[in-house]
Amino acid sequence: MTPLPSSAPCWDLFCAVVDNFGDIGVCWRLARQLAVEHGIAVRLWVDDLAAARRLAPEIDPTRDVQHLDGVEIRRWTAPLPEIEPGAVVIGAFACALPDAFVEAMARRAPRPVWINLEYLSAEDWVSGCHGLPSPHPRLPLRQHFFFPGFDGASGGLLREADYAARRAGFEAERFWSTLDLALPTSDELRVSLFAYESPALGELLEGWQRGPAPVTCLVPEGRVLPGVAAHFGLRDLRPGDRLQRGALTIQVLPFVAQQHYDALLWACDLNFVRGEDSFVRAQWAERPFVWQIYVQQDDAHLEKLDAFLARFCVGLDGGTAQALGSFWRAWNRGRGVAAAWPAFRDALPALAHHAQTWSATIRGAGDLAGNLVQFCKDAIE
Ligand code: TRH
């Protein structure tokens, strides 16, 4: 990779890994895009390099400073090394920046543009809050809230400039042969299952076993895998393992580098995704998908689920929207998936068609990295 010119603007991006891979997943994707597509010298501060390494195996968790894909990756230590803040400082997902660094931001001339990159939500209030400033209570600094979202009143969604080209170069036959699987038969359903633990897993697998048509379920290693093993009466499952019962075949996959995850979504007829980043990738993949939302206190996540469904179902006929909503809610509630599956299965052709329309709709919001660069440019000028 060509080093960035020394005159490249420097941005600091802070990522606190709360759990799982969504925080670092979004931050790593954004950091790479800012560097590769916008020529920005990004310093990505991460408090859990071991989690980052799962997404980019070249990352060495023992190193305090390293470079990958044009991004300077820094261990987020306490205290942080004394450093001049960049022209833009992004705190991802409301993470608290170190006090000394914030003081240094207040001393910098000109002061950095300070961004709080928020979580993705389809709720209507997002449009009223996107871009709003919030003054620091003590220092001469203002933080701006930057919201990802699904329409032009938000910051849009991350989508790399080369996404369409990468997708066009995808060869399904080659993909399946690397997993030692033939091309799917005409009545077969290939499903990827990236999920949290779920009490509904057993009934889902049971339904597929008994189903009239073959289902091949590809399960990346992770939180749902022990439940799959238990369903088959096994202590554990590992990447490469394959099981078959009735009409269902399970193929366990390794957790791949983030850049390779898209191929799985492109290859499958239906993708189970979760959290934030895989949820967005499933939408770009233009395949039917099932979203398992990250659980929040007081069931706040269920409102977010409904807000997304309300947007996504525009343009779907009533029966398809009903089948989709019933299955997604059952999967998120953890019961009732077996009853909801047949109608959802029948709705898949209509949903496959709708996936393309939806992807075109959300592209209208523009790419988040590009929107963020423009937002910061406007704030600086
Ligand atoms: O891992 P997630 O559940 O992440 C999160 C976190 O829980 C976070 O705290 C929460 O705030 C957020 O969800 C809403 O799901 P997500 O967001 O889909 O992130 C998973 C990442 O892992 C995504 O970047 C895709 C990547 N991935 C790979 O790189 N390789 C793989 O094989 C798979 C299956 C996923």
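Just follow the structure's listing: the first ligand is 1, and inside any ligand the first atom is 1.
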What protein heavy atom sits nearest [atom], and how far away is it?
| atom | answer |
| --- | --- |
| atom 24 (O) of ligand 1 | Asp277 OD2, 2.6 Å |
| atom 4 (O) of ligand 1 | Gly22 N, 2.7 Å |
| atom 27 (N) of ligand 1 | Phe255 CZ, 3.4 Å |
| atom 21 (C) of ligand 1 | Phe21 CB, 3.6 Å |

Polar contact flag for Ser278 and ligand 1 (N/O pairs, less than 3.5 Å): yes
Can you check whether Arg274 has an N/O within less than 3.5 Å of an N/O in ligand 1? yes
Option nearest atom 25 (C) of ligand 1 (shortest heavy-atom distance, choices Tyr294, Trp291, Tyr261):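 That would be Tyr261.
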Take the angle between the ring planes of [X] and [Y] and call it parallel below 30°, perpendicular above 60°, tilted in between.
| X | Y | value |
| --- | --- | --- |
| Phe255 | Phe21 | tilted |
| Phe312 | His354 | perpendicular |
| Phe93 | Tyr119 | parallel |

From the options Phe14, Trp76, Trp11, select the one residue that forms a ring pair (Phe, Tyr, Trp, His ring centres under 6.0 Å) with Trp45.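 Only match with Trp45 under ring pair (Phe, Tyr, Trp, His ring centres under 6.0 Å): Phe14.
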Intermediate values then yes/no, ring pair (Phe, Tyr, Trp, His ring centres under 6.0 Å), Tyr294 and His301: CA-CA 7 Å; Tyr294 184 78; His301 59 288; 8.8 Å; no
Phe175 and Phe170: ring pair (Phe, Tyr, Trp, His ring centres under 6.0 Å), yes or no, with the steps? CA-CA 8 Å; Phe175 176 84; Phe170 172 67; 5.8 Å; yes
Under a 4.0 angstrom heavy-atom cut-off, which atoms of ligand 1 come close to Pro220?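 Under 4.0 Å from Pro220, ligand 1 has these atoms: 34 (C).
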